[in-house]
There are 2 protein chains.
Amino acid sequence: MTILIADDEERDRSWLKDLLVKNVPEEGPIHEASDGQAAVEMAVKLKPKLVCLDIKMPHLSGIKAAEQILAELPRTGVIILSNFSDEVYVRQLWKVVPGDSVFGYVLKSASNEQVVEAVRAILSGDCWIHPGISRVIQRTQNRATSLTAAEFEALVCIALGLTDSSIARRLYLTEKAVQSRLKSLYSKLAIPGRGEQQDTEYNQRCRAVYLSYRRGLINQSELDDWEQKLFDGKVGGEKQQ
Amino acid sequence: MTILIADDEERDRSWLKDLLVKNVPEEGPIHEASDGQAAVEMAVKLKPKLVCLDIKMPHLSGIKAAEQILAELPRTGVIILSNFSDEVYVRQLWKVVPGDSVFGYVLKSASNEQVVEAVRAILSGDCWIHPGISRVIQRTQNRATSLTAAEFEALVCIALGLTDSSIARRLYLTEKAVQSRLKSLYSKLAIPGRGEQQDTEYNQRCRAVYLSYRRGLINQSELDDWEQKLFDGKVGGEKQQ
DNA sequence: TTTCACTCTGGGGTTTCCCCCAGTTGATCC
DNA sequence: GGATCAACTGGGGGAAACCCCAGAGTGAAA
C-alpha cells in the first residue's frame, strides 16, 4: 500500500513521514515529491493508495495536482495538508473533487493524533475534514453569504486595484455590469452604503477587499495567479471548465 | 548558558530544541514558552543568554516580547525566527531593537545549517540576518521608496477600508491633509495616476493596498491590531512611544 | 410551466476621490 | 543663513465610484 507525500518544505515532509511510519503500521513504501508537478508524475507511475498534498507548492498547487491525479486515478485517497483555511481554497477544492471521492482536509496546526486519525479515515474509505474548516464550508454553501462566480470575479479585480472601466474591458462587460456585480458583492459582505448608517464610514471598494482578505475569500498567492491570467488576456477563470 | 525558546507551535519548538541540543554543544538547559507573555516572564526569571522568538504568538507578538525583554536585560541575544519576511515586521523590529544589541532574524524556511549558524553567531556576539531579509532592509532605508510614519498611517487606514473623511476624523486631520498623505503614498508606490499612462488602468487606492500586501508593508494580523486601536479612539500608533 | 435567482442593461442622479496649482510651517543639515 | 524636505492648508475642477430606479433575458429548479 503505497503512500505519496508532496510538500516543498523538507522539514514537513520528514515530519509527516515519521508520523506515518510510526502510527500507520500497515503502510508500505512512502515516496516524496517536492512540488505539484512531480507529485502528479509520481502518482500516475506509482498509483498510491493515498496522496498527501500541501497547497502552497511551486509549479503546481496541491489543489490542481489533486485535480489531475483524481482525473487519472479516481480511486486515490487525497489528503490536503495545509497551513491555510482560506475560503478560496475550499471553493476550489469542492469544484475539483468529484462528489464520491475520498478525501481529507487537515490544517498543519493539527495535533499529530488528528493527522493520524485523518489518514486512517481516508485509508478506510471515509472523509475527514478539519474542524476549523467546517465553519468555512458552511459559509460557502449558505446562499445569503456565499459569492457567485460573477461576484467573485469582480472581487478579484478590485482587489488587484483595477478601475471599473478596466475591469469591463478585461471581462468584456459594460461598466454598468461591473458596477452591478460590485453592488451585490457589497451587499453580501454587509458593507454599509452611503445612505445608511450615520456617517460615510467606509470606502466600500477597499472595505470589500479588506473583509475578503479576513474571511480568506482571497489571498496573496491566488491574486498573483489572477493577475497573470488577466494580463495575458485570458478571462473567466472560475467559469470555464 | 540558558536558552529560551518561544513558539506557539509545539512542533516547531521541539524541532528547534532538537537542533540546538545536537548542534550547539556548549548549551545548557533549554526552556520553552508557548506565548509572548510567558516568554517575557520566563526571560526575566531565567536571564537566558539567548532567546528565540516566533513572531506570530498569542497574547504578545515576538517583536513586542523582544522589546520588553531587551528593556529588562539588554545583554540578551535575541533571534526572531519567523515564517514572514514582511516589511512591516522589519520596520517594527528596527525601531524596537537598540542599535548595539545582538540579534538575528531567521526565516523558518531556512535550512538547519543556517539556523545553527545564526545561533552560533549570536552566541559569539555577532548579528545574523537572513539573506531574504536584507533586500527588505535595503528598501526600508531607501529614502525614495520607504514610507514615512504619516504615509504609513494613511496606508493602514485605506487598507481597512475607511473613507478620507473618516480617516481625517480619526487622526484629527483635515481631509486635505489625508489626501496629501495619500498622494505621496501613491507616488512612492509608483502607481500611475490619471493623467499619465494610456488609460485609467488603476484605482490607486485599491492598487496601493494590493501592492502593499505584496511587498509585506502590511498584512492581515497587523491590520487587525490597527483596527482595534482605531476603533478604540487611540491614534498615532507608529509615532507614539 | 411557472417560478426564482442571477445577470446585464439603461437613464439620471450625488459624492468621493484624485488632479492641478500655490503657500506656510517646522525640523534638519551644511 | 540658506537649502532641503516632510507635512498641512486652501481653491477649484474633472472623473470615477456609488445611488436610485426599472426592465429584460437566461437557466435551473419547483
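Both backbone and side-chain heavy atoms feed into the values below; hydrogens, waters and symmetry mates do not.
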Look at the side-chain N and O atoms of [X] and state whether any lies under 4.0 Å from the OP1 or OP2 oxygen of [N].
X	N	result
B/S184	D/dA6	no
B/R181	D/dC8	yes
B/N203	C/dC17	no

Identify which nucleotide among [options] has an atom closest to any side-chain atom of [X], counting heavy atoms from C-beta outward.
X	options	result
B/K183	D/dA7, C/dC18, C/dC19	C/dC19
A/K176	D/dC19, C/dC19, C/dT7	D/dC19
B/Q204	C/dC19, D/dA7, C/dC6	C/dC19
B/A177	C/dC17, D/dT9, D/dC18	D/dT9
A/T174	D/dA17, D/dC18, C/dT9	C/dT9

Partner of A/Y210 under side chain to side chain contact (heavy atoms under 4.5 Å, CB included), chosen from B/L162, B/L223, B/I158: B/L223
[X] [atom1] to [N] [atom2], straight-line distance once rounded to whole Å:
X	N	atom1	atom2	value
B/I158	D/dA17	CD1	P	14 Å
B/L173	D/dG10	CG	P	12 Å
A/Y186	D/dC20	OH	C1'	16 Å
B/E201	C/dC18	CD	C1'	17 Å
B/E175	D/dG12	CD	P	17 Å
A/I191	D/dA17	CD1	P	15 Å
B/Q179	D/dG11	CD	C1'	12 Å
B/L185	D/dA6	CG	C1'	14 Å

B/D54 with B/K108: basic N within carboxylate O range, under 4.0 Å: yes
Residues B/R169 and A/E201 bridged, charged N to O under 4.0 Å: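 A salt bridge is present here (some side-chain N lies under 4.0 Å from a carboxylate O).
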Expected output: side-chain B/D35 to main-chain B/Q37 donor-acceptor under 3.5 Å: yes
Touch class at under 4.0 angstrom, heavy-atom based, for B/S180 against every strand present: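 Result for B/S180 = base.
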Parallel, tilted or perpendicular: rings of B/W226 and B/F152 (30°, 60°): perpendicular
